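To start, the structure itself, in structure tokens.
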Amino acid sequence: MKIHAIQTGTVEIKKNQVIGKGPNAFHLINVLFGREWVEPVPIYAWVIEHNEGVIVVDTGDTARTSEPGYFPRWHPYYNLAVRFHVEPKEEIGVQLKKMGIGVKDVKKVILTHMHTDHAGGLHHFPESQIYVNMPEYKRTRGFQGQVDGYLSQRYPKWFSPQPIEFDGGAFSPFEKSWSVAAKGDVRVVPTYGHTPAHVSVVVKVEDVHYFLAGDTSYSEGNLLDKVADGVSPDPNQAIDTMQNILNFASQYPTVYLPTHDPNSEKRLKNRTTLSVKQ
Ligand SMILES: [Zn+2]
């Protein structure tokens, strides 16, 4: 089994999004009106070459983000607080093809959550089973979904995700899990916080666990420091999740791979595990 990092461009966000600023109730305001931007960060998706078929975790973003009118014009976050840079050749489908992985080879796609930089490449997977935690999918719907920044109007017409059923029991310290593969070496665990139904995927290769973390934090440093980002609706829940991940990493050698950490790809390659202070 092999895990590949696929970088689908970069995104610029505010410093106050990477690290929530001020009292929790002011986090979003400070994201919108903060003046400092961070250097562009990568948008990673992950490809697992598994003997039961290719599994993709998140789909990255699309070059369509540069089309005028792709984002709702009235939306303050898209107007003030984010800039995407994705070339057509950086979209996940194009990169998979280059690796010799065709549309039909991808059996399963798992979304950590449905923000646009994770769901923007969905159109590349018309033949796959796509799994989402249903409460997350429900959040994307209706007017409130639009206000929360989800772009459900951009999902492919055929998109009808399968629910993630957490029927795999506890996977310590996570209270529940779902085994994606019969062998039990790929599991989905709840990592609520960045969104209320956010999930992560844990892949065991030999004796190392690779934690495909989505946006549980924007970097390994922020996990170790347990700092919530500026867009989590419940920052305390996000911090509880980080503690769970740290507890996991103190039990098992764990390579922590968040979507936007510029060092994720290097850690994957070098199998650099988290060192948790006891
Ligand atoms: Zn996100």
Side-chain angles (χ1 to χ4, degrees), residues 3 5 17-20 24 27 44-46 48 55 57-58 110-115 118 131-139 163-181 184-261 263-264 267-268 271-278:
I3 306 170
Q17 178 167 347
V18 177
I19 299 175
N24 291 349
H27 274 189
Y44 282 118
W46 310 98
I48 306 163
I55 302 166
V57 178
D58 286 337
I110 300 158
L111 297 172
T112 60
H113 65 302
M114 299 218 58
H115 284 160
H118 301 253
Y131 292 89
V132 181
N133 197 15
M134 268 305 134
E136 173 73 13
Y137 181 58
K138 288 199 181 113
R139 266 173 66 84
I164 290 171
E165 308 279 7
F166 288 105
D167 55 7
F171 185 44
S172 173
F174 301 97
E175 64 192 22
K176 53 186 184 178
S177 69
W178 173 51
S179 258
V180 181
D185 49 4
V186 182
R187 289 183 198 238
V188 176
V189 294
T191 48
Y192 305 154
H194 175 73
T195 67
H198 184 286
V199 300
S200 297
V201 180
V202 189
V203 187
K204 188 171 183 234
V205 186
E206 288 152 17
D207 54 350
V208 175
H209 287 82
Y210 294 84
F211 206 101
L212 311 181
D215 291 353
T216 49
S217 71
Y218 288 125
S219 68
E220 184 178 79
N222 283 2
L223 171 80
L224 290 165
D225 295 342
K226 284 186 274 178
V227 286
D229 66 45
V231 293
S232 296
D234 181 349
N236 293 320
Q237 189 183 40
I239 290 167
D240 287 347
T241 282
M242 291 186 220
Q243 186 60 58
N244 266 347
I245 298 171
L246 293 171
N247 292 346
F248 182 87
S250 65
Q251 289 177 54
Y252 309 100
T254 300
V255 178
Y256 179 65
L257 302 172
T259 299
H260 301 294
D261 186 332
N263 294 317
S264 282
R267 286 200 299 273
L268 171 64
R271 300 188 195 129
T272 313
T273 54
L274 258 173
S275 34
V276 181
K277 297 163 241 157
Q278 295 293 333

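Keep in mind that what you see is a predicted model, and the values were worked out from it rather than measured. Side chains included, hydrogens not; waters and symmetry mates left out as well; all remaining heavy atoms used.
With a 4.5 Å cut-off on side-chain heavy atoms, I48 and V57 count as touching. A heavy-atom distance below 4.5 Å is found between the side chains of P233 and P196. Residues I245 and F174 have side chains in contact (heavy-atom distance under 4.5 Å, counting atoms from C-beta outward). Residues V199 and V189 form no side-chain contact, since every pair of their non-hydrogen atoms from C-beta on lies 4.5 Å or further apart.
Annotation for P163 and M134: closest pair CB-CG, 3.6 Å, computed over non-hydrogen atoms. In plain terms, the two heavy atoms of L212 and T112 that are nearest each other are O-CG2, 4.4 Å. Considering every non-hydrogen atom in both Y218 and V18, the closest pair reads CD1-CA, 3.5 Å. A pairwise comparison of heavy atoms in F166 and W178 identifies CD2-N, 4.0 Å as the closest pair. Here the closest non-hydrogen pair linking A5 and L268 is N-CD2, 3.8 Å.
If you take OG1 on T241 and NE2 on H194, they are separated by 12.0 Å, rounding to the nearest 0.5 Å. Between the CH2 atom of W46 and the CG atom of L257 there is a distance of 4.5 Å, given to the nearest 0.5 Å. A distance of 10.0 Å separates CD1 of I19 from CG of D229, quoted to the nearest 0.5 Å. Distance CD1/I110 to CD1/I164: 6.5 Å, rounded to 0.5 Å. Here the CD-OG distance, from E165 to S179, works out to 13.5 Å after rounding to the nearest 0.5 Å. Of the inter-residue distances, the one linking M242 atom CE with Q237 atom CD reads 11.0 Å to the nearest 0.5 angstrom.
The ring-ring contact (aromatic ring centres under 6.0 Å, His included) search around Y210 returns none, not counting sequence neighbours. Among residues two or more places apart in sequence or in another chain, the side chain to side chain donor-acceptor pair (under 3.5 Å) test is passed with N222 by none. Remark: D207 engages no residue in a side-chain contact (heavy atoms from CB on, under 4.5 Å) (not counting sequence neighbours). The ring-ring contact (aromatic ring centres under 6.0 Å, His included) check on Y192 picks up nothing, with sequence neighbours excluded. For the side-chain contact (heavy atoms from CB on, under 4.5 Å) test, residues two or more places apart in sequence or in another chain that qualify with L224 are E220, L246, L274. The ring-ring contact (aromatic ring centres under 6.0 Å, His included) check on F171 picks up F248, with sequence neighbours excluded. For the side-chain contact (heavy atoms from CB on, under 4.5 Å) test, residues two or more places apart in sequence or in another chain that qualify with A228 are P235, A238, I239. In this structure N236 satisfies the side-chain contact (heavy atoms from CB on, under 4.5 Å) test together with N24, D234, sequence neighbours excluded. With sequence neighbours excluded, the residues that form a side chain to side chain donor-acceptor pair (under 3.5 Å) with K226 are Q243.
In terms of modelled atom types and a separation under 3.5 Å, the side chain of N133 and the main chain of A197 share a donor-acceptor contact. Remark: the backbone N or O of P258 is paired with a side-chain donor or acceptor of S264 at under 3.5 angstrom. Between the H27 side chain and the V231 main chain, no donor and acceptor come within less than 3.5 Å of each other. The backbone N or O of R187 sits nowhere less than 3.5 Å from a side-chain atom of S177 that would complete a donor-acceptor pair.
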Given side chain to side chain contact (heavy atoms under 4.5 Å, CB included), test T191 with N244 step by step and report yes or no.
CA-CA 8 Å; T191 48; N244 266 347; over 6 Å; no

Which is it for L111 and D58 under the side chain to side chain contact (heavy atoms under 4.5 Å, CB included) test, yes or no, and what are the steps along the way?
CA-CA 5 Å; L111 297 172; D58 286 337; 4.0 Å; yes

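Among pairs with a residue in residues 190-201, none fulfils salt bridge (Lys or Arg N to Asp or Glu O under 4.0 Å), at least two apart in sequence or across chains. Applying the side chain to side chain donor-acceptor pair (under 3.5 Å) rule to pairs touching residues 251-261 yields D117-H260, S172-Q251, D215-H260, T216-Y256, S217-Y256, D261-R267, sequence neighbours excluded. Sequence neighbours left out, not one pair with a member in residues 237-249 passes salt bridge (Lys or Arg N to Asp or Glu O under 4.0 Å).
Side-chain atoms of E136 and T195 form a donor-acceptor pair, as typed in the model, at a separation below 3.5 Å.
Counted within 6.0 Å of NZ on K176, heavy atoms from surrounding residues, nucleotides or ligands total more than 12; the atom is thus considered enclosed.
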